[in-house]
Participant: 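Before we start, here is the structure in question, set down as structure tokens.
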Number of protein chains: 2
Amino acid sequence: MRADARRNRDRIVEIARALFKEKGFAGVSMDEVAKAAGVGAGTLYRHFPTKEALYDAVLEAWTDKVKAAVDRALGLDASARDKLVSWFGDYVDLLNGHKGAAARITLALGDPASPFAAKCTRYLGANQRVIDELGPALRPGVDAMEISRLVGAVAAVADGSGLGPDEVASMLGVVADGLVAA
Amino acid sequence: MRADARRNRDRIVEIARALFKEKGFAGVSMDEVAKAAGVGAGTLYRHFPTKEALYDAVLEAWTDKVKAAVDRALGLDASARDKLVSWFGDYVDLLNGHKGAAARITLALGDPASPFAAKCTRYLGANQRVIDELGPALRPGVDAMEISRLVGAVAAVADGSGLGPDEVASMLGVVADGLVAA
DNA sequence: ACCTGAACACCGTTCAAGT
DNA sequence: ACCTGAACACCGTTCAAGT
């Protein structure tokens, strides 16, 4: 990759991140990103084949934060239920302020062709670790996909309806209780 | 309303229902509806100010079905948990085959200006009835809005990801267990 | 009153032409 | 190789002109 192309790519991601953060996925047009980054539309699409692929690049840091959140929660001196609530809450917070991200990632969970496929794998892996560690405390038969979808569903509604921390915590409490129930 | 206008309105809703059912909300354009109904775009918009308002009219029967489903579930000779699962399952089924409806109604739950506001009121009312009847069996402090959002969130993910009945039932079981947990 | 359909505004994406 | 920006295809919505 040529140095000027690399510079363009980096600037695009940086500027797009600020715009998406401010206005959400649907509130930013590709033309707007191109203009703000000082490149032509073609250059934007040369680096990112779709708007969702650009969004995926913008959410890059997300992956590391997911891992850190599970580690922290599993290390807590607390009940399985409270560990779940802590991790779920951190996950929803991670998506907080990225309007449109939660629904997109959640709906991509079963789709290997999605631009978010790598993120989905990480997220599923995180919930698999939870299952491996909390094993017997959880309801039998529950799998990582189901937990990922349940928490992702709550995150998507919280995002779309602009719910406050208390409302989110309460919904996640219900899900966590349901997951530890026999 | 003039007779010809009434006829036009009815035909539009009928044809739109078939198209939305077949292709989902996003898969049908307003031009397509107008053409299929044999009217100009202006006529379509005279009867329905937005695409969502048209969708709301298409989902008219929904309201009665919601009431019937709660009645049936509450009349069951079963535990509170199983009544919840029955009603939630019926609700998700109601939206099944209307791609895009679940997410729209769920996100409209807090918004009185939404075209779906009347449906939201009915849905919230249905869950309020559930709370009134099952009262002490449910977790303290839970309200109709929270239940509506939780079940709506599951419905939206089920719709968006094309989940099967078993996957949906399992997720609803988690939510129901969480709602009856102390 | 009600209808028509061309037109507007916007947006994701492509591509011929340039350097 | 990489870039530009006009152009394409599509879509929700509006509005001047008709009956």
Side-chain angles (χ1 to χ4, degrees), chain A residues 1-17 19-20 22-59 98-101 103-104 107-108 111 113-116, chain B residues 1-17 19-20 22-59 98-101 103-104 107-108 111 113-116:
Chain A
M1 194 169 200
R2 243 163 54 178
D4 55 343
R6 164 104 266 150
R7 254 192 323 254
N8 270 339
R9 208 201 106 104
D10 293 347
R11 197 173 59 257
I12 287 169
V13 172
E14 196 183 336
I15 296 220
R17 183 174 293 124
L19 288 173
F20 282 131
E22 185 195 345
K23 313 189 193 186
F25 182 81
V28 179
S29 75
M30 289 297 264
D31 250 33
E32 195 178 348
V33 173
K35 239 119 204 169
V39 299
T43 301
L44 188 46
Y45 278 90
R46 152 176 280 270
H47 290 292
F48 307 98
T50 64
K51 190 183 179 183
E52 291 211 325
L54 172 60
Y55 202 34
D56 182 66
V58 158
L59 296 175
H98 294 282
K99 218 171 179 28
R104 257 174 194 84
L107 293 187
D111 175 17
S114 161
F116 303 110
Chain B
M1 195 172 203
R2 243 161 56 176
D4 55 342
R6 164 105 264 150
R7 256 191 324 258
N8 269 339
R9 208 202 105 106
D10 292 348
R11 195 171 65 257
I12 287 170
V13 172
E14 197 182 334
I15 295 219
R17 183 175 294 123
L19 286 173
F20 281 132
E22 184 195 345
K23 314 190 193 185
F25 181 82
V28 180
S29 75
M30 289 298 265
D31 250 33
E32 196 178 347
V33 173
K35 239 119 203 168
V39 300
T43 301
L44 187 47
Y45 277 90
R46 153 175 280 270
H47 289 293
F48 306 99
T50 64
K51 189 182 180 184
E52 292 211 325
L54 171 61
Y55 202 35
D56 181 67
V58 158
L59 296 176
H98 296 281
K99 221 174 178 24
R104 254 171 198 88
L107 293 186
D111 175 17
S114 161
F116 303 109

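We name chains A, B, ... by the order of the sequence lines, and we start the count at 1 in each one.
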Participant: Can you confirm if the NZ or CZ of A:Arg104 lies within 45° of the ring axis of A:Phe25 and under 6.0 Å from the centre of its six-membered ring?
Facilitator: yes
Participant: In whole angstroms, how far is the P atom of C:dC2 from the CZ atom of B:Arg11?
Facilitator: 15 Å
Participant: With respect to the phosphate group of D:dA1, does any side-chain polar atom (N or O) of A:Arg2 fall under 4.0 Å of OP1 or OP2?
Facilitator: no
Participant: Give one of base, sugar-phosphate or nothing for A:Gly27, where a contact means two heavy atoms less than 4.0 Å apart.
Facilitator: nothing
Participant: Take atom CG of A:Asp31 and atom C1' of D:dC8, then tell me their distance rounded to the nearest Å.
Facilitator: 13 Å
Participant: Looking only at side-chain atoms of B:Arg46, point me to the closest of C:dC3, C:dA6, D:dG12.
Facilitator: C:dC3
Participant: Output the single nucleotide from C:dT14, D:dC3, C:dC2 whose closest atom is nearest the side chain of A:Tyr45.
Facilitator: C:dT14
Participant: What nucleic acid atoms does B:Val33 come within less than 4.0 Å of, heavy atoms only: base, sugar-phosphate, or nothing?
Facilitator: nothing
Participant: Could you check how far NZ of B:Lys51 sits from C1' of D:dC10, rounded to whole Å?
Facilitator: 11 Å
Participant: Name the pairing partner of C:dA9, where a pair is Watson-Crick or G-U wobble with both distances under 3.5 Å, or state none.
Facilitator: none
Participant: Among D:dG12, D:dT4, C:dT14, which is the nearest nucleotide to the side chain of B:Ser29?
Facilitator: D:dG12
Participant: Taking only N and O in the side chain of A:His47, is any of them less than 4.0 Å away from OP1 or OP2 of D:dC3?
Facilitator: yes
Participant: So A:Phe20 and A:Leu59, do their side chains get closer than 4.5 Å, heavy atoms only?
Facilitator: no
Participant: For D:dA16, what is the paired nucleotide under Watson-Crick or G-U wobble rules, both distances under 3.5 Å?
Facilitator: C:dT4
Participant: By the definition side chain to side chain contact (heavy atoms under 4.5 Å, CB included), identify the one residue from B:Val13, B:Ile12, B:Leu19 that meets it with B:Ile15.
Facilitator: B:Leu19
Participant: Using a 4.0 Å heavy-atom cut-off across all strands, classify A:Ala5 as base, sugar-phosphate, or nothing.
Facilitator: sugar-phosphate
Participant: Could you tell me how far apart A:Met30 (CE) and D:dT4 (P) are, to the nearest whole angstrom?
Facilitator: 14 Å
Participant: Report the distance from atom CZ of A:Phe48 to atom C1' of C:dT14, rounded to the nearest whole Å.
Facilitator: 18 Å
Participant: D:dG5, D:dT13, C:dT4: which one has an atom nearest the side-chain heavy atoms of B:Val39?
Facilitator: C:dT4
Participant: What pair of heavy atoms forms the shortest contact from A:Met30 to A:Leu44, and how long is it?
Facilitator: O-CD2, 3.1 Å
Participant: Rounded to whole Å, how long is the line connecting atom CD1 of B:Ile12 with atom C1' of C:dC2?
Facilitator: 12 Å
Participant: Would you please confirm or rule out a distance under 4.0 Å between OP1 or OP2 of C:dT4 and any side-chain N or O of B:Thr43?
Facilitator: yes
Participant: Can you measure B:Leu44 atom CG to C:dC2 atom P for me and round it to whole angstrom units?
Facilitator: 15 Å
Participant: Report yes if some heavy atom in the side chain of B:Arg7 is under 4.5 Å from a heavy atom in the side chain of B:Asp10; otherwise report no.
Facilitator: no
Participant: Rounding to an integer number of Å, can you tell me how far B:Leu54 CG sits from D:dT13 P?
Facilitator: 10 Å
